[in-house]
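Working notes, beginning with the structure itself.
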Amino acid sequence: MARGQITVRAARWSATHPWRAIAMWVVVVVACFALGSITGTKESKNEGDIGEVTRADNIVKSGNFDDPDVESVLITAPSGQLDQTAATKAAGVVIQRMRALGGVAEVAQPMPSPKKDAVIVRVTLKDGDGDDRVQPLLDTTAQVQQQYPDLRIEEVGGLSIDKALNETLGKDFKRAEMFSLPVTLAILLIAFGALIAASVPLLLALSAVAAAIGLAAAASQLVPAVDAVNSVILLIGMAVGVDYSLFYLRREREERAKGRGHVDAVEIAAATSGHAVVVSGTAVIISMAGLFLARDAVFSSFAVGSILVVAVAVVGSLTVLPAVLAKLGRWVDRPRIPFVWRLTASKGQPRFWPTVLKPALKHPIATLLVAVTALLAVASPALGMQLKFPGTEDLPRTTSVMKAYDRLTSAFPSTGTSHEIAVRAPANQQPAVKAALAELMQRTKDDKLFASDGLEEPRFSKDGTVTTLEVATPYEGGSQQARDSLTKLRKDLMPETVGKVPGVEYAVGGFVAADVDYAAHTRDKLPLVIGFVLLLTMIVMMVTFRSVVVAVTAIGLNLLSAGAAYGVVTAVFQNTWAEGLLHFRSNGAVVSWLPLFLFVVLFGLSMDYHVFVVSRIREAVLRGVPTRQAVAEGITGSAGVVTSAAAVMIGVFAVFATLSTLDMKQLGVGLAVAILIDATIIRAVVLPSVMILLGDANWWAPKWLRPKPAKHAATPPAPEEERELTPVG
């Protein structure tokens, strides 16, 4: 055992000063969480250059427009024809009561829809923040509804939708926490057969998540955060936090079973599993850092949150975990669950994994060909992957406000999917710009790709240099027709009308533009991020195992599992066959940011298992065990902890597949499937087949990478058991 190794030194200090180490950890976690509460979270405004949509946003911002929040009160008939007289009277009451509210700046006159099946009253709010502004409007709308029970009177707008969605997403996050904890605890109880042993990894993971959420809030002052970052921190933190503790605790338990003292067992676990935790944590952090190369607010926010929670989990597993284990001693195996304890404490040879390994051990070539062919077949749907942003049409329709939104956009298309025309020209060209926009709207009237309902009016900046106009399409934002309308605007209508105004600068923005431009941006950045992650991960693996072949093999295996995950996500979510099973509505695409984020997460997390398994194989090789036998010993010896760790990850990720939003659902399914494939087919079939075929070549390295020979040749060799525990680095 390398007593000078930093993981061993940290573990020794913590094990011999347990109360100090535990107290310091509690103080650090509380301080990190408090820091986040004090600083608050700075929300991202999705700044970044992703194409024409960014230019449109910049033009609009340069106009310094007043951009007050607007709520719409929609009056329709519950069934049949709308009674225009009753609707007009109800609209008058709405106007009267809304104007009496203190937070209202202006109430527009009622406007009938083109088909005369609805009436809209638009309410402009005064500046302010929070749900407090919209609640009085919702209450007033409900009162008018009670006064006119024969009509359907409902309120729709950005604030009311955000309020309803925040409540739904808040419940989602709480449900994820509520289900992920018992699922994780149940798996750990099966893995350890004792309540305290199962609780230790869970508590460490939760403390890491709490600290990382606080640190991420503070870090958002430098790198603004997106809404989903806390969900990502919980997702990654529970997975790696439990895994790292599990690796460490299982090794410490093994050494105690051999008769080691508590401190000695902790030191040996630090030298082996602790070292593997540092390597795998470094690999995860490197992978997540690749997201910064995308130069995108969403990816940067996810990168910060993920890096922080992984770093905290690594530090916790190397500091407070040894202290807890040393203090608990044999109490860590109490109270025992009778039947499960007998299974986990059994010293007999396992039967399941040797059976699974037989094909790879006896027929490695055939096994490798069959497994790789199967994985490539699973990955093949990814060749047809389509990327889209989830639009308003993809939000859950479990709330009344979203049902009202559908009725609003059906009656008034301009309130739904629309393109934002942004024009900047000298102030003396404003009449020409206005005439060009009028011509553009005239040319869209007879085009089925566009819709008009009388609500479209251009807005002019105070200095007359910037003009904006909403051009609606009757189709959903993610549809091909909506994309076709964008293409027609950008390539035909805008150049032929606005483009002819002297000195003009223009761009087309809006949701559809952001969807199209962001997907193109992701495709452009994906090779750069993948190259960065592959290169640095390979360097880490080469330095860790002193082998080029092991590093290349790790890269290849992780690419296989990532490809298979892409294929499954594409097959599930671009089609409709799983809609009833997973409770979603397919939009025929994968969320635009998912492939890039999924790749870096999978590549990082997969290293957990790879480092741990190959470390055990190398330990056997260093004892002089032949490659075939070393592979069998390494995989069967680590199978229990790898299976338990994978089960925890799959359980946590599967919970996220039950959430309401399409992006979190796709992320949960992708991660759960990838970890399942990685911990079974990759580690138990493909990895042993490859390593057996390569034999001694597994450990080839150029001279500069090989371990340096011992300085004192006369030093007697370490005992066999001691050599077995030599760190892989």
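By convention here, the first residue in the shown sequence is residue 1.
What you find for Val508 and Ala513 is that their closest heavy atoms are O-CB, 3.6 Å. Taking all atoms of both residues into account, the shortest heavy-atom contact from Pro426 to Gly503 is CD-O, 3.5 Å. Scanning all heavy atoms of the two residues, the minimum distance from Thr41 to Ser220 falls at CA-OG, 3.5 Å. Minimum interatomic distance between Val232 and Ser306 (heavy atoms only, all atoms of both residues): CG1-OG, 3.6 Å. The minimum heavy-atom distance between Leu437 and Pro458, with the atom names listed, is CD1-CB, 4.4 Å. Residues Pro595 and Met385 come closest through the heavy atom pair CG-SD, 3.6 Å.
For residues 496-521, the salt bridge (charged side-chain N to carboxylate O under 4.0 Å, His left out) pairs, not counting sequence neighbours, are Arg424-Glu505, Arg443-Glu496, Arg483-Asp515, Arg490-Asp517. Within the structure, the salt bridge (charged side-chain N to carboxylate O under 4.0 Å, His left out) test picks out no pair touching residues 657-668 (sequence neighbours left out).
Using a 4.5 Å heavy-atom threshold, the side chains of Phe653 and Leu667 count as separate. The shortest side-chain heavy-atom distance between Gln480 and Asp484 falls under the 4.5 Å cut-off. Inter-residue side-chain proximity for Val568 and Val378 is flagged as met; some heavy-atom pair is nearer than 4.5 Å. Annotation: side chain of Leu234 is in contact with side chain of Phe656 (closest heavy-atom distance under 4.5 Å). Ile59 is not listed as a side-chain neighbour of Val423, based on a closest heavy-atom distance of 4.5 Å or more. Residues Glu420 and Val471 have side chains not in contact (no heavy-atom distance under 4.5 Å, counting atoms from C-beta outward). Side-chain contact between Val156 and Ile161 is present, with heavy atoms from C-beta onward closer than 4.5 Å. Annotation: side chain of Leu596 is not in contact with side chain of Ile530 (no heavy-atom distance under 4.5 Å).
Using bins of under 30°, 30° to 60° and over 60° for the plane-to-plane angle, the ring pair Phe597/Trp593 lands in the perpendicular bin.
Ser300 places no side-chain N or O within donor-acceptor distance of the main-chain N or O of Ala297, the cut-off being under 3.5 Å. A donor-acceptor pair is defined here as one N or O able to donate and one able to accept, closer than 3.5 Å; no such pair exists between the side chain of Ser561 and the backbone of Ile677. Proximity of a side-chain donor or acceptor of Ser113 to a complementary backbone N or O of Phe412 within less than 3.5 Å is not detected. Under a 3.5 Å cut-off, the side chain of Gln145 and the backbone N or O of Tyr148 do form a donor-acceptor pair. At least one donor-acceptor pair under 3.5 Å links the side chain of Ser586 to the backbone N or O of Gly588. Looking at His521, its side chain does come within 3.5 Å of a backbone N or O of Ala294 through a donor-acceptor pair.
The OG atom of Ser380 lies 15.5 Å from the OH atom of Tyr566; values are rounded to the nearest 0.5 Å. Note that NZ of Lys525 is 8.0 Å distant from CG of Leu293, once rounded to the nearest 0.5 Å. Note that NZ of Lys445 is 14.0 Å distant from CZ of Phe450, once rounded to the nearest 0.5 Å. Atom OG of Ser301 is separated from atom NZ of Lys42 by 12.5 Å, given to the nearest 0.5 angstrom. Here CD of Gln109 is found 13.5 Å from CD1 of Ile120. Values are rounded to the nearest 0.5 Å. Atoms NZ and OG1, on Lys434 and Thr467 in that order, are 9.5 Å from each other to the nearest 0.5 Å.
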Output, in order, the C-alpha distance, side-chain angles, deciding distance and verdict of side chain to side chain contact (heavy atoms under 4.5 Å, CB included) for Val94 and Thr140. CA-CA 8 Å; Val94 168; Thr140 300; over 6 Å; no
Going through the distances and angles, do Asp447 and Lys488 end up as a salt bridge (Lys or Arg N to Asp or Glu O under 4.0 Å)? CA-CA 11 Å; Asp447 194 324; Lys488 190 164 188 176; 2.6 Å; yes
Is there a side chain to side chain contact (heavy atoms under 4.5 Å, CB included) between Ile421 and Leu489? Walk through the geometry before answering. CA-CA 9 Å; Ile421 305 297; Leu489 271 175; 4.2 Å; yes
Just do the side chain to side chain contact (heavy atoms under 4.5 Å, CB included) check on Leu151 and Leu82 with the steps written out, would you? CA-CA 8 Å; Leu151 298 172; Leu82 176 65; 3.9 Å; yes
Residues Met98, Leu101; criterion side chain to side chain contact (heavy atoms under 4.5 Å, CB included); working and verdict: CA-CA 5 Å; Met98 289 293 182; Leu101 297 177; 3.9 Å; yes
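In this structure, the salt bridge (charged side-chain N to carboxylate O under 4.0 Å, His left out) partners of Arg407, at least two apart in sequence or on a different chain, are Glu154. Contacts of Phe603 classified as ring pair (Phe, Tyr, Trp, His ring centres under 6.0 Å), with partners at least two apart in sequence or in another chain: Phe599. Every residue meeting the ring pair (Phe, Tyr, Trp, His ring centres under 6.0 Å) condition with Phe573, not counting sequence neighbours, appears here in chain and number order: Phe584. Residues that satisfy the side chain to side chain donor-acceptor pair (under 3.5 Å) test with Thr141, not counting sequence neighbours, are Glu155.
Side-chain atoms of Ser160 and Glu71 include a donor-acceptor pair closer than 3.5 Å. For the residue pair Lys163 / Gln135, a side-chain donor-acceptor distance below 3.5 Å is found, with atom types taken as modelled.
Here the options are Leu598, Val590, Thr570, Val572, the test is side-chain contact (heavy atoms from CB on, under 4.5 Å), and the partner is Gln666; only Val590 passes.
The environment of Glu439 atom CD is dense: over 12 non-hydrogen atoms of other residues, nucleotides or ligands sit within 6.0 angstrom. More than 12 heavy atoms of other shown residues, nucleotides or ligands fall within 6.0 angstrom of atom CD in Glu579.
A salt bridge does not link Arg122 with Glu457: every distance from a Lys NZ or Arg NE/NH1/NH2 to an Asp or Glu carboxylate oxygen is 4.0 Å or more.
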